[in-house]
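A short worksheet on the structure shown next.
Each chain gets a letter, A, B and so on, in the order the sequences are listed, and its residues count up from 1. Quick caveat: nothing in here was measured; it's all calculated off a predicted structure.
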2 protein chains.
Amino acid sequence: MNKGKINKKTAKAVETKKKIYESADQLFKKHGFDNVSVDSIVEKAGVSKGSFYVYFDTKNDLITTLIADTVYKVDLDYKSYLESFPPGTMASDILFSFVEKMADTIACAIGYDLMKMLYEAQITRTVNTEAVMGYNRKLYQVFSNIISQGIEQGDFRVDMSVDTITKHCIMAMRGLTYEWCIRYPDFDLKEQSLIHYEVLLNGIKKQ
Amino acid sequence: MNKGKINKKTAKAVETKKKIYESADQLFKKHGFDNVSVDSIVEKAGVSKGSFYVYFDTKNDLITTLIADTVYKVDLDYKSYLESFPPGTMASDILFSFVEKMADTIACAIGYDLMKMLYEAQITRTVNTEAVMGYNRKLYQVFSNIISQGIEQGDFRVDMSVDTITKHCIMAMRGLTYEWCIRYPDFDLKEQSLIHYEVLLNGIKKQ
DNA sequence: ATTATATATTGACTATAGTCAATGACTATA
DNA sequence: TATAGTCATTGACTATAGTCAATATATAAT
């Protein structure tokens with residue numbers, strides 16, 4: 001049989017996966033991740049439990065798919081945000097605005113529940129979170145551009161590679177986000193991120 | 001009835017909890033956290049499942065108790081390590097040694113499995129992890145001492161409070177540890193920690 | 001000693017994630 | 001059209017975390 005062909009059978013399979021995905025999305029938004037069982041998802045979708053596990057390895061897999069989709073959109077948004085700065089803007093200024101933008105996105109646009117699920121999934125490794133933590137994620141490119149610019153402008157130190165600085169900057173944001181999650185709601189992500197990056201930037205700048 | 005009185009009844013209760021704790025500890029060390037069920041713990045301990053849930057809120061609670069005990073010992077070790085430096089040692093030198101010490105402790109003495117469980121427990125909040133993340137943890141005091149020393153020596157900036165610098169330094173270590181967990185074994189905790197703190201320290205020092 | 005009270009213990013029960021052999025539906029081939 | 005092969009689908013099943021009303025046992029009060 002031909003592979004990847006679109007026919008009644010494959011179309012139905014795609015439809016089934018879509019039904020599960022969308023039912024889950026609706027239920028999650030309505031009741032929160034912790035209050036939605038796989039049974040309730042498949043019931044709403046009108047399919048069997050077995051089907052669920054054909055299309056998703058685990059419940060977390062489905063959630064992480066939802067997150068990866070969100071992350072993809074977020075990164076596109078980040079990219080266009082970065083491109084909106086006029087050429088010649090100081091990299092350090094861009095970095096601060098960008099950190100603020102990220103903190104807003106994480107805390108408001110994505111929200112605590114989703115971030116918590118993601119950070120849990122990353123640590124338990126019940127599912128592949130390459131789309132979020134992989135070094136090929138668009139975010140690394142976006143950050144890398146800012147750092148390169150800072151070096152070109154003669155503002156940032158040159159004894160560390162762009163790649164290294166980028167990875168450590170993103171790791172710091174991840175650390176801030178983790179701290180935000182474990183201390184929620186007693187941790188102001190934006191405020192603390194700005195303080196933290198002020199120190200970090202200070203350490204990245206030429207003395 | 002008197003409260004907190006030691007008698008046959010309370011002694012037996014203490015004994016039961018201890019049996020559960022020790023059976024779990026042995027099984028975890030032998031098979032790893034993920035391969036030990038509550039049923040197997042209570043079977044080994046020779047008590048009922050109901051008893052388990054009298055003494056521990058959840059399975060994670062038991063694990064976190066194990067971790068908190070480890071953390072307590074670790075912090076004592078940190079404290080004595082710090083005190084072993086001769087007076088007058090530069091705070092920045094102490095900080096580097098200390099970061100190296102922490103990385104070693106986390107990666108070797110505690111190990112990936114335990115750290116992973118802890119970081120998962122912190123994020124899921126299925127259990128109280130105050131002993132590890134609370135600002136009254138001894139580690140904060142230990143770090144705080146280093147920072148104070150750096151300020152007194154005129155080496156560290158004075159436009160940030162000791163408390164703020166301390167919290168951000170520990171958050172950075174937590175961020176590094178989280179990154180280590182999610183990228184394990186492809187992330188050298190000690191190496192990356194030293195790079196990261198070099199930048200951070202640079203940002204904390206007076207210009 | 002008897003009774004009342006407090007509390008330690010139990011194990012059957014529920015809830016829910018995840019499995020898998022069997023079945024059904026569609027497609028390609030002759 | 002008949003048949004074989006492929007793949008989507010099913011739902012009963014297992015595994016395991018966590019619950020709770022009932023019971024057993026020790027202690028306090030009379």
Side-chain angles (χ1 to χ4, degrees), chain A residues 1-24 27-28 31-66 117 120-121 124-128, chain B residues 1-24 27-28 31-66 117 120-121 124-128:
Chain A
M1 197 184 281
N2 290 340
K3 289 167 186 176
K5 202 172 181 180
I6 298 168
N7 56 31
K8 224 186 234 183
K9 212 170 170 179
T10 56
K12 201 180 172 193
V14 168
E15 182 62 27
T16 300
K17 182 168 186 177
K18 198 177 156 195
K19 271 192 289 182
I20 296 169
Y21 182 93
E22 285 172 356
S23 300
L27 287 173
F28 284 147
H31 304 107
F33 292 110
D34 295 333
N35 302 308
V36 176
S37 66
V38 174
D39 283 330
S40 68
I41 294 170
V42 298
E43 192 193 356
K44 186 178 170 79
V47 301
S48 72
K49 197 164 190 174
S51 280
F52 182 97
Y53 285 97
V54 168
Y55 297 108
F56 301 98
D57 289 342
T58 62
K59 186 184 170 186
N60 258 342
D61 184 19
L62 166 58
I63 292 171
T64 309
T65 303
L66 280 163
M117 290 307 303
E120 186 187 338
T124 56
R125 302 193 181 193
T126 42
V127 76
N128 184 280
Chain B
M1 197 184 282
N2 290 341
K3 288 168 186 175
K5 202 172 181 179
I6 298 168
N7 55 32
K8 223 186 235 178
K9 211 170 171 179
T10 57
K12 201 180 171 194
V14 168
E15 182 61 27
T16 300
K17 182 167 186 177
K18 197 178 158 194
K19 271 193 290 183
I20 295 169
Y21 182 94
E22 284 171 358
S23 301
L27 288 172
F28 284 147
H31 304 108
F33 292 110
D34 294 332
N35 303 308
V36 176
S37 65
V38 174
D39 283 330
S40 68
I41 294 170
V42 297
E43 193 193 358
K44 186 177 170 80
V47 300
S48 72
K49 196 164 190 175
S51 280
F52 182 97
Y53 285 97
V54 167
Y55 297 108
F56 301 98
D57 289 342
T58 62
K59 186 184 171 187
N60 258 343
D61 184 19
L62 166 58
I63 293 171
T64 310
T65 302
L66 280 162
M117 290 307 302
E120 185 187 339
T124 57
R125 303 194 182 193
T126 42
V127 77
N128 185 280

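Of the inter-residue distances, the one linking A:Phe52 atom CZ with A:Lys17 atom NZ reads 10.5 Å to the nearest 0.5 angstrom. Rounded to the nearest 0.5 Å, atoms OG1 (A:Thr124) and CE (B:Met117) are 10.0 Å apart. Atom CD of A:Glu15 is separated from atom CD1 of A:Ile20 by 10.5 Å, given to the nearest 0.5 angstrom. Taking NZ from A:Lys19 and OH from A:Tyr55, the interatomic distance works out to 10.0 Å, rounded to the nearest 0.5 Å. Taking OG1 from B:Thr126 and CD1 from B:Ile63, the interatomic distance works out to 9.0 Å, rounded to the nearest 0.5 Å. A:Asp39 CG to A:Lys49 NZ: the interatomic distance, rounded to the nearest 0.5 Å, is 4.0 Å.
Remark: A:Thr16 is in phosphate contact with D:dT9, judged by side-chain N or O atoms under 4.0 Å from OP1 or OP2. Proximity of B:Tyr55 to the phosphate of C:dT9: a side-chain N or O atom is located under 4.0 Å from OP1 or OP2. Within the 4.0 Å cut-off from OP1 or OP2 of C:dT19, not a single side-chain nitrogen or oxygen of A:Tyr53 is found. The phosphate of C:dA8 has neither OP1 nor OP2 within less than 4.0 Å of any side-chain N or O from B:Ser51. Put simply, B:Asn7 has a side-chain N or O that comes within less than 4.0 Å of OP1 or OP2 on D:dT27.
Atom CG of B:Asn35 is separated from atom C1' of D:dA17 by 16 Å (rounded to the nearest Å). Summarising the geometry, the separation between CD1 on B:Ile20 and C1' on C:dT10 is reported as 12 Å, rounded to the nearest angstrom. At whole-Å resolution of the value, CZ in B:Phe52 and P in C:dC13 are 22 Å apart. Between B:Asn60 atom CG and D:dT16 atom C1' there is a gap of 14 Å when expressed in whole angstrom units. If you measure from atom CG of A:Asp61 to atom P of C:dA17, you get 14 Å, rounded to the nearest angstrom. The separation between B:Lys17 atom NZ and C:dT9 atom P is 12 Å, rounded to whole Å.
No cation-pi contact links B:Lys59 to B:Phe33, judged by a cut-off of 6.0 Å to the six-membered ring centre and 45° from its axis.
Across all strands shown, B:Val54 has heavy atoms under 4.0 Å from base atoms, whether or not it also approaches the sugar-phosphate. As judged by a 4.0 angstrom heavy-atom cut-off over every strand, A:Phe56 is placed among residues making no nucleic acid contact.
Among C:dG11, C:dT27, C:dA17, the nucleotide with an atom closest to any side-chain atom of A:Lys8 is C:dT27. Considering only the side chain of A:Lys9, D:dA8 comes nearest among C:dG18, D:dG18, D:dA8. Across C:dA8, D:dA8, C:dT27, the shortest atom-to-atom separation from the side chain of A:Ala13 is found for D:dA8. Side-chain atoms of A:Ser48 lie closest to D:dT10 of the nucleotides D:dG18, C:dT27, D:dT10.
Residues from residues 37-44 of chain B placing a heavy atom under 4.0 Å of any atom in DNA chain D, listed by number, are B:Ser37, B:Val38.
The shortest non-hydrogen separation linking B:Asp61 to B:Asp57 is OD2-N, 2.9 Å.
In this structure, C:dA30 and D:dT1 make a Watson-Crick or G-U wobble pair, each of the two defining distances being under 3.5 angstrom.
Remark: side-chain polar atoms of A:Ser40 are not paired, donor with acceptor, to backbone N or O of A:Val36 under 3.5 angstrom.
No more than 12 heavy atoms of other residues, nucleotides or ligands sit less than 6.0 Å from atom CD of A:Glu43.
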Tabulate protein N/O versus nucleotide N/O from nucleotides 21-24 of chain D, keeping only pairs under 3.5 Å, one per line.
none

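Partners of B:Lys12 according to the side chain to side chain donor-acceptor pair (under 3.5 Å) rule, which considers only residues two or more places apart in sequence or in another chain, do not exist here.
Two residues, B:Gly50 and B:Lys12, neighbour DNA chain D, and the one matched to the more 5' nucleotide by heavy-atom proximity is B:Gly50. Annotation: of the two residues near DNA chain D, B:Asp57 and A:Val47, the 5′-most nearest-nucleotide partner is A:Val47.
With hydrogens and angles left out, the side chain of A:Lys49 and the base of C:dG18 share a donor-acceptor pair within 3.5 Å.
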